[in-house]
Number of protein chains: 2
Amino acid sequence: MPTRPTPPPRTATAPPAASSPRVPRRRSYDQFCAAARALDAVGDRWTLLIVRELLAGPRRYTDLHVDLPGVSTDVLASRLKDMERVGLTVRRRLPAPVSAYVYELTPRGHGLLPVLTALAGWGAPELTDPRPTDAVRAHWLALPLRRSLEREDWRGVVEVRLDEGEFHVRVGADAGEPVYGEGAAPEGTAAARLELDVGTCLEICRGLLSVADAVRDGRVNVKRSTA
Amino acid sequence: MPTRPTPPPRTATAPPAASSPRVPRRRSYDQFCAAARALDAVGDRWTLLIVRELLAGPRRYTDLHVDLPGVSTDVLASRLKDMERVGLTVRRRLPAPVSAYVYELTPRGHGLLPVLTALAGWGAPELTDPRPTDAVRAHWLALPLRRSLEREDWRGVVEVRLDEGEFHVRVGADAGEPVYGEGAAPEGTAAARLELDVGTCLEICRGLLSVADAVRDGRVNVKRSTA
DNA sequence: CGGCATCCGTGACGATACTG
DNA sequence: CAGTATCGTCACGGATGCCG
């Protein structure tokens, strides 16, 4: 093993330089490792969940705050600032009538989709029933469902109707477009529509049931658009 | 959206019910979302980097502490405890001569490999030169390199020799075995050996250069074992 | 009213010292 | 060697205030 040049052993003798004008001193792992570099950028609490929301398209501050229950206002503001600094997002002024800002992923930020997909795939087995304290949004199921659909070679925008709500998800073809969203798909974009109950959806997300089998068993109602 | 009943605004006069016996109250996002569930388990600082080290095989406390520069002893101990509680790791007593403990991934913990791979893939573009403050370990390159090799359909244990150090990595065939490690591969397991310089290795990790091209240009020296 | 900034209490984190 | 104990600092979460 190569001897490591002991990095300047920051001894305690270096007090945090309490005066130096303002060194925000972003906390870094300081490791020459790709995963550590990634975690330097997105490892802070809430950051990846903000990305999850922005994968649905540009969002305003208040919308983000509503769909991220539990985040405090200052942390959300701080994260959005950090993310812009790091190049994950841009802050854009909406055009004419509304004078508001939206936050939007850059291509670099959009590139985190595989990370969230992997996380969702790993976390899906624990999606059984919502705990009493859990917040619920229909489009949060899009991430794991998309993974299952992609593995069965689905492509295009799929509309999903559950009793509890509706969402849509874009499978494959990863340009910069929104990956999913609450509610029905934009007019005319849907390649297929699925109707199923939440239990079935969760089994598919957890990989216990293939979409093909679920369709065959009549647990999923499929309508394909005339393409 | 359902209006949420504003919870009784506990004024500062209400001490946090200091009596309830001991609710450690693990911090959770409390969202019915697969990615949020995953982050509940592995979203804490250092956790995924500990998994990164354990993907190299069972490790003792001190070894982990050495290969995770910057982590403090108490945080490392706390994380290992949490990870065991959540089922990511087990603590095992080494058999006869040495009386020591090792920490080892469970299958569930090993299942985080795709997450780390995705993170490494996203973070690799920022692997240019080590910053002066960066710690360096040869096997940290295994994660992104493995991803590149896998995309070019390599399989088996590949030994990698850089001027600065040597490591090996198991590509494909994801059982529970160690995925990579510092130094040469265990005797007789190597399917191939690569000799290259760090710059070339980084270009491959960043996806700027295919292994095939690098071999053709003579930037990589390949020796395949007689299989 | 949307978009933050500020203040405050608690808990997580990081460094060091200490112990079985 | 393998952690635990202690302590200062900072990040987080909740509420509230300000400002266009």
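Here is how names work: the chains are called A, B, and so on, in the same order as the sequence lines, proteins then strands, and each is numbered from 1. Quick caveat, the model's predicted, so the values are computed rather than measured.
- Of all nucleotides listed (D:dG13, D:dC1, D:dG3), D:dG13 comes nearest to the side chain of A:S72.
- Of the side-chain N and O atoms in B:R60, none sit less than 4.0 angstrom from OP1 or OP2 of D:dG3.
- For the pair A:D82 CG and C:dC4 P, the computed distance is 14 Å after rounding to whole Å.
- Whole-Å rounding puts the B:I50 CD1 to D:dA2 C1' distance at 15 Å.
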Nucleotide N/O of nucleotides 5-7 of chain C paired with protein N/O under 3.5 Å:
from: C:dA5; atom 1: OP1; to: A:K81; atom 2: NZ; distance (Å): 3.3
from: C:dA5; atom 1: OP2; to: A:K81; atom 2: NZ; distance (Å): 3.0
from: C:dA5; atom 1: N6; to: A:T73; atom 2: OG1; distance (Å): 2.8

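- Taking CZ from B:R147 and OG1 from B:T117, the interatomic distance works out to 8.0 Å, rounded to the nearest 0.5 Å.
- Look at CG on A:L80: it is 16 Å from C1' on D:dC12, rounded to the nearest Å.
- Between the P atom of C:dC1 and the NE2 atom of A:H65 lies a distance of 16 Å, rounded to the nearest Å.
- Between B:L68 and B:R52 there is a side-chain heavy-atom pair separated by less than 4.5 Å.
- Taken from CG in B:L76 to OH in B:Y103, the straight-line distance is 7.5 Å, to the nearest 0.5 Å.
- Distances shown here put every side-chain N or O of A:Y61 at or beyond 4.0 Å from the OP1 or OP2 atom of C:dC1.
- A sub-4.0 Å separation between OP1 or OP2 of C:dC4 and a side-chain N or O of A:R91 is present.
- The distance from atom CG of B:L76 to atom P of C:dA15 is 13 Å, rounded to the nearest whole Å.
- With respect to A:R108 and B:E126, a salt bridge is recorded, a charged nitrogen being found less than 4.0 Å from a carboxylate O.
- One finds no side-chain N or O of A:W46 lying less than 4.0 angstrom from the OP1 or OP2 phosphate oxygen of D:dA11.
- B:D67 CG to B:I50 CD1: the interatomic distance, rounded to the nearest 0.5 Å, is 12.0 Å.
- The side-chain heavy atoms of B:P178 and B:H168, taken from C-beta on, include no pair separated by under 4.5 Å.
- A close approach under 4.0 Å does occur between a side-chain nitrogen or oxygen of A:Y103 and OP1 or OP2 of C:dC4.
- Computed from coordinates, the B:D44 CG to C:dA12 P distance equals 9 Å when rounded to whole Å.
- With respect to A:R92 and A:E104, a salt bridge is recorded, a charged nitrogen being found less than 4.0 Å from a carboxylate O.
- Checking the phosphate oxygens (OP1, OP2) of C:dG14, a side-chain nitrogen or oxygen of A:R27 falls inside 4.0 Å.
- Taking atom CG of B:L68 as the reference point, atom C1' of C:dG14 lies 14 Å away to the nearest angstrom.
- Put simply, the side chain of A:Y180 reaches to within 4.5 Å of the side chain of A:L143, judged on heavy atoms.
- Closest to the A:T62 side chain, of the nucleotides D:dC12, C:dG3, C:dA12, is C:dG3.
- One can place CG of A:L49 at 15 Å from C1' of D:dC12, the figure rounded to the nearest angstrom.
- Between A:R45 and the phosphate of D:dG13, there is a side-chain N or O to OP1/OP2 separation shorter than 4.0 Å.
- One finds no side-chain N or O of A:R93 lying less than 4.0 angstrom from the OP1 or OP2 phosphate oxygen of C:dG3.
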